[in-house]
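First up is the structure itself, then whatever we jot down about it.
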Amino acid sequence: MYRLMKIEGLAVDPVTNSPIMLLKEEEGEESLPIWIGLLEATAIASELEHVTYSRPMTHDLLKSILDKMGTTLTRIEVCDLKDNTFYALLQLQKGDESLAVDVRPSDAVALALRCKAPIYVAEDVLLKSKMSDAEKPPAKPADSSEEGRKWADILEELDPDDFGKYKM
């Protein structure tokens, strides 16, 4: 079972300085923080802020290719969480043919925003993300004194205003 989500915003983890993408349930209280790369955060932020570039960026290029091929991104699915790594699928449709393509969640969201496609998260992923082992942020440098901090602790320290219109 999947839940419809929206991108609530972007913030920066004050400990690792890594961008965090926060997905929130459309009609509910569930949320899912996902640590992402700077380039993907920039691609998401630029679309959220309606920033246009003179030449197409990677996700704009992919949308253009899909359009030219008559293929529709019907939805994205954050479908699994293994060893603190999230997995997602692009669900594509061309005529009667359906195709699922493995993708990083951050790239999936960046493309979904451009294609106006819905974002879904598996209930199992939401459950796994709450478990103690999955509550740890991504690996940090060996010299980090914050090893093992929980996502909830890090999110508690963030200013709620950071999840609004954060510019990368």
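Bear in mind that the values here come from a model prediction, so they are computed numbers and not experimental data.
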Take Ile34 and Ile20 through the side-chain contact (heavy atoms from CB on, under 4.5 Å) test and state the conclusion after the steps.
CA-CA 6 Å; Ile34 301 176; Ile20 304 169; over 6 Å; no

Tightest non-hydrogen contact, residues Cys115 and Lys63, listed as SG-CG, 3.7 Å

Is there side-chain contact between Ile36 and Ile44, with heavy atoms separated by less than 4.5 Å?
yes

Hydrophobic clustering (ILVMFWY, side-chain heavy atoms < 4.5 Å, transitive) - are Met57 and Met21 grouped together?
no

According to a 4.5 Å side-chain heavy-atom criterion applied to Ile, Leu, Val, Met, Phe, Trp and Tyr, with indirect links allowed, do Tyr120 and Ile76 form part of one hydrophobic cluster?
no

If we only count heavy atoms from C-beta on, is the Leu23 to Ile7 side-chain gap below 4.5 Å?
yes

Interatomic spacing from CG in Leu111 to CG in Leu66 - rounded to 0.5 Å:
6.0 Å

Within-4.5 Å side-chain heavy-atom neighbours: Val78 and Arg3:
no

Could you tell me which non-hydrogen atom of Ile119 sits nearest to which non-hydrogen atom of Ala112, and how far apart they are?
CG1-CB, 4.1 Å

With sequence neighbours left out, write down each residue that passes side chain to side chain donor-acceptor pair (under 3.5 Å) with Glu26, or none if nothing qualifies.
none

Do Leu62 and Thr58 come within less than 4.5 Å of each other through their side chains, counting heavy atoms only?
no

Give the cluster check for Val121 versus Val101: same hydrophobic cluster or not, with ILVMFWY residues linked at side-chain heavy-atom distances below 4.5 Å.
yes

Nearest 0.5 angstrom please: Tyr2 OH to Arg75 CZ, how far?
7.0 Å

Test side chain to side chain donor-acceptor pair (under 3.5 Å) applied to Asp60 - qualifying residues, sequence neighbours left out
Arg114

Sub-4.5 Å side-chain heavy-atom contact between Cys79 and Phe86:
no

Do Lys24 and Glu30 meet the salt-bridge criterion of a basic N to acidic O distance under 4.0 Å?
no

Taking the side chain from Asp13 and the backbone from Val15, do they hold a donor-acceptor pair closer than 3.5 Å?
yes

Leu89 and Val103, any side-chain heavy atoms less than 4.5 Å apart
no

In short, Ala88 meets Arg104 closest at the heavy-atom pair CB-C, 4.3 Å

Between Leu22 and Pro33, is there a side-chain heavy-atom distance shorter than 4.5 Å?
yes

Hydrophobic clusters here meaning ILVMFWY residues chained together by side-chain heavy-atom distances under 4.5 Å, can you tell me if Ile65 and Leu73 are in one?
no

Check Asp80 against Lys82 and note the closest heavy-atom contact, atom names and distance.
OD2-CE, 2.7 Å

Here the gap from Thr52 atom OG1 to Glu47 atom CD, rounded to the nearest 0.5 Å, amounts to 10.0 Å

Separation between CG (Asp102) and CG (Asp107), nearest 0.5 Å, reads 10.5 Å

Inter-residue atom distance Thr72.OG1 - Asp67.CG, 0.5 Å rounding:
8.0 Å

Passes side-chain contact (heavy atoms from CB on, under 4.5 Å), Leu61 versus Arg55? Steps please.
CA-CA 9 Å; Leu61 171 64; Arg55 302 293 298 144; over 6 Å; no

Looking at every non-hydrogen atom in both residues, tell me the closest pair between Gly70 and Lys94 and how far apart they are.
O-CG, 3.7 Å

CD on Gln93 to CG on Leu99, rounded to 0.5 Å:
9.5 Å

Test log, rule side-chain contact (heavy atoms from CB on, under 4.5 Å), inputs Tyr87 and Val125
CA-CA 9 Å; Tyr87 294 82; Val125 171; over 6 Å; no

